[in-house]
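Only one structure is covered here, and it is reproduced in the block below.
No experiment lies behind these values; they were computed from the predicted model shown. What's counted below: heavy atoms across the whole structure, side chains too, no hydrogens, waters or symmetry copies.
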Amino acid sequence: MAVAKTNDVPQRSSRSLGAIVRANVFTLFNLVIGVLWALVMIFGEWQDGLFGLVIVANALIGIVQELRAKHTLDKLAVINEAPVRVRRDGREQEIEPRKVVLGDLILLGPGDRLLVDGDVVESESLEIDESLLTGEADPVHKHVGDQVLSGSFVVAGSGAFVATKVGTDAYAVRLAEEASKFHLAHSELRDGVANFIKYITWLVIPIGALLIYSQLRHSSDFGAAITGAVAGIVTMIPEGLVLMTSIAFAVGVVRLGQRKCLVQELPAIEGLARVDVLCLDKTGTLTAGGMDLDEVIPLDGTQPVDDALAALANVDPRPNATAQAIQAVHPAMPAGWSAVSTTPFSSARKYSGADFGPHGNWVLGAPDVLLDPGTPAYDKAATIAATGTRVLVLGRENGSIAPAALVTLRQRIRPDAHETLRYFAKQGVTVKVISGDNPEAVSAIATGLEIPDGDKAIDARTLPEDDLDKLGELLDANTVFGRVTPQQKRQFVSALQARGHTVAMTGDGVNDVLALKDADLGIAMGAGSPATKAVAQVVLLDNRFATLPHVVGEGRRVLANIERVSNLFLTKTFYAIVLSLLTGVIGLIFPFAPRHSTLVNALTIGIPAFFLALAPTLERSKPGFVPRVLRFAVPAGVICAAAVFLSFYASGAQIEDRSSAVITLFLTTWWVLVLIARPLTWWRVGLVAAMAALFMVALAIPWVRQFFALQPDDIGNDLTAVGISVVAAICISAAVKVTGTLRT
């Protein structure tokens, strides 16, 4: 056994140290900037090569932040791993998933996820859901000798199997090898940034070539021509945009990790911000885990109610929450009772049962499933359920169900549920309460929690099965749904998505797995079934429903702030493109040197972007990230370029005096920063004021002024630059207001 192959599979949540280093060092931007830096070092002055430090800074910051995120993810992933029950040396024990070896006897119960392949050797009404592998929704009954595959999960019954394939040989690992590694799922934000980079790269090549040609043609100083061309090309590259996006995602992971929230896929952070419909599974989400047996109400005094109830609660070796509540009062199987056959509870059946031979065939389950409407027992159960109490019927089966007693259970409402639901209402997130329980009981809980329209409950058995449009209309119009089957939960998600909603689904039970997988964002409780936690993108490890507002808030922070910094970086890109085209076509020397762009970019983009990318915000994310950024950056960039070019031209367009152009560049881009930083809270005012003060310091201190080749000693040119900048600032404000991107 010691030398057998172990269940060693790639960690889902993070990539290796080597992959992180390669991703942050070996980038197209670093290559381009490195080549340009080498040209400046060879043909120009070292002060103009300061932009080369961007490579080092970007790589170090990116590596450190992603390593922090990796450490958080890996640590939380280990906490999230459900132990595997095995029988070794004749005794049961729980081991880590990676310690499973070939030949292990693995024990199964409801909700368990199969991590390896094997052959069934024990089966007590074992039912396996293989829908995640095959797409077939119906559970498969497994008998001794049948094969079971990794990636499936137990929905009912219990059993055991011998591991025959582990690690990378297991079916699910082979089937989804790429999905098992670190990856970035679909993300409008990441795709938008990637598209920006792609198109800008294609623009840089011809415009850069034109700029190099024009600078060499119209300058007798080869070194000055090269540095002028490099200044234009470097400024066109939004080198910090990818870095800031990565940092925002990584910091989001760390912040959520500190709240015991495991983000299993990084783009899930983006999904958090876009959610507008939150589907809540009542059990385990609005109500705390576990229940208490409240009352047993006899309906037939001739039946052995207590013995039958105790027998049903103790017949299953892996009791569910209902059986555990009954076991707390009836901890042992009654004398003389033993099961000939059993029907384990499943969410689809909504009852469990067992044949106890001479004592008869007994069932325990939902009254509206087991009883006929209109009967006294049915009506009494409905009356009790309407108060919010969970009601089950205990009955004896002999062709039909003879009700023997009603069993009531107390559910524990989460103390933080009320405040959390109020938060979502304020944020414009619509809540849908979905449960397998009686609709009246669910409605009573929803009403008590003041969920809008919580008093209107729909029995899901009355909903259309094949008309997705009609189902979507009913879902939009109503809030509470009871008697929902696992397959219907999945249909609910599809119907809401078809109506343009971004859907989050919470759950903790095995019946939630399919819906969690299909939702835009699946959120599982840490105490939930292993299968549920395996498919969810977000796991609340401490089971705190109150963590959800922080989760949504973190997503909104990431998206809103990345949009801000994208506006900054792409404004710079567009003014550089326009300036390069103007100087290339007209034949002027480029208006500023690399050291000038290093100074201005640091004060109006680099430093502010770092703070803005990590700032708190309550802005709700809206689709259309790419066009919205372009509507801001293109006019702002064009106006900045026109102002700088005009200022440079007015001062004589001489290489010896670029100071007026630099002043105009700073003032116009600083105003762009002011617009992007809105709303101007105290710290944002302090940030933009500090950047202005630092630029004034650079102009005032002689050695700094000399280092950056600034000569602001021509009052006429300087005042002209300021005047042009004021006009440009007014034009930028008007342009972004017209395009609808001006922040208030």
Where the side chain of [X] meets the backbone of [Y], is there a donor-acceptor pair that is under 3.5 Å apart?
{"X": "Q488", "Y": "A460", "answer": "yes"}
{"X": "K432", "Y": "L475", "answer": "yes"}
{"X": "S123", "Y": "K142", "answer": "yes"}
{"X": "D276", "Y": "T502", "answer": "yes"}
{"X": "N561", "Y": "R557", "answer": "yes"}
{"X": "Q327", "Y": "A313", "answer": "yes"}
{"X": "R483", "Y": "G436", "answer": "yes"}
{"X": "D316", "Y": "T342", "answer": "no"}

Which heavy-atom pair separates [X] from [Y] by the least distance, and what is that distance?
{"X": "A163", "Y": "V101", "answer": "CB-O, 3.8 Å"}
{"X": "P344", "Y": "S352", "answer": "C-CB, 4.0 Å"}
{"X": "G522", "Y": "A536", "answer": "O-CB, 3.5 Å"}
{"X": "E397", "Y": "V363", "answer": "OE1-CG1, 4.2 Å"}
{"X": "C261", "Y": "V551", "answer": "SG-CG2, 3.7 Å"}
{"X": "R390", "Y": "T322", "answer": "NH1-OG1, 3.0 Å"}

Is there a side-chain contact between [X] and [Y] in this structure, where contact means two heavy atoms from C-beta onward sitting under 4.5 Å apart?
{"X": "I128", "Y": "L114", "result": "yes"}
{"X": "L115", "Y": "I106", "result": "no"}
{"X": "E124", "Y": "E122", "result": "no"}
{"X": "L286", "Y": "L421", "result": "yes"}
{"X": "T547", "Y": "K260", "result": "no"}
{"X": "V116", "Y": "V84", "result": "no"}
{"X": "L521", "Y": "R274", "result": "no"}
{"X": "F356", "Y": "L312", "result": "yes"}

E465 atom CD, over 12 foreign heavy atoms within 6.0 Å: no
Intermediate values then yes/no, side chain to side chain contact (heavy atoms under 4.5 Å, CB included), H550 and R544: CA-CA 11 Å; H550 299 289; R544 292 190 68 239; 5.7 Å; no
Distance-only side-chain donor-acceptor flag, T420 / R414, under 3.5 Å: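 T420 vs R414: no donor-acceptor pair found between side chains.
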S150 and D117 side chains, donor-acceptor separation under 3.5 Å: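 Side-chain D/A pair, D117 to S150: present.
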What distance separates [X] [atom1] from [Y] [atom2], expressed to the nearest 0.5 Å?
{"X": "Q147", "Y": "T164", "atom1": "CD", "atom2": "OG1", "result": "6.5 Å"}
{"X": "D437", "Y": "L409", "atom1": "CG", "atom2": "CG", "result": "9.5 Å"}
{"X": "D518", "Y": "F492", "atom1": "CG", "atom2": "CZ", "result": "14.0 Å"}
{"X": "L364", "Y": "I326", "atom1": "CG", "atom2": "CD1", "result": "5.0 Å"}
{"X": "H501", "Y": "D520", "atom1": "NE2", "atom2": "CG", "result": "11.0 Å"}
{"X": "R85", "Y": "L108", "atom1": "CZ", "atom2": "CG", "result": "7.5 Å"}

Worked check of side chain to side chain contact (heavy atoms under 4.5 Å, CB included) between W337 and N314: CA-CA 10 Å; W337 289 64; N314 288 281; over 6 Å; no
Residue pair R461, V369: steps toward the side chain to side chain contact (heavy atoms under 4.5 Å, CB included) verdict: CA-CA 11 Å; R461 292 172 295 188; V369 173; 3.9 Å; yes
Check against side chain to side chain contact (heavy atoms under 4.5 Å, CB included), L105 and R88: CA-CA 7 Å; L105 181 66; R88 288 180 178 174; over 6 Å; no
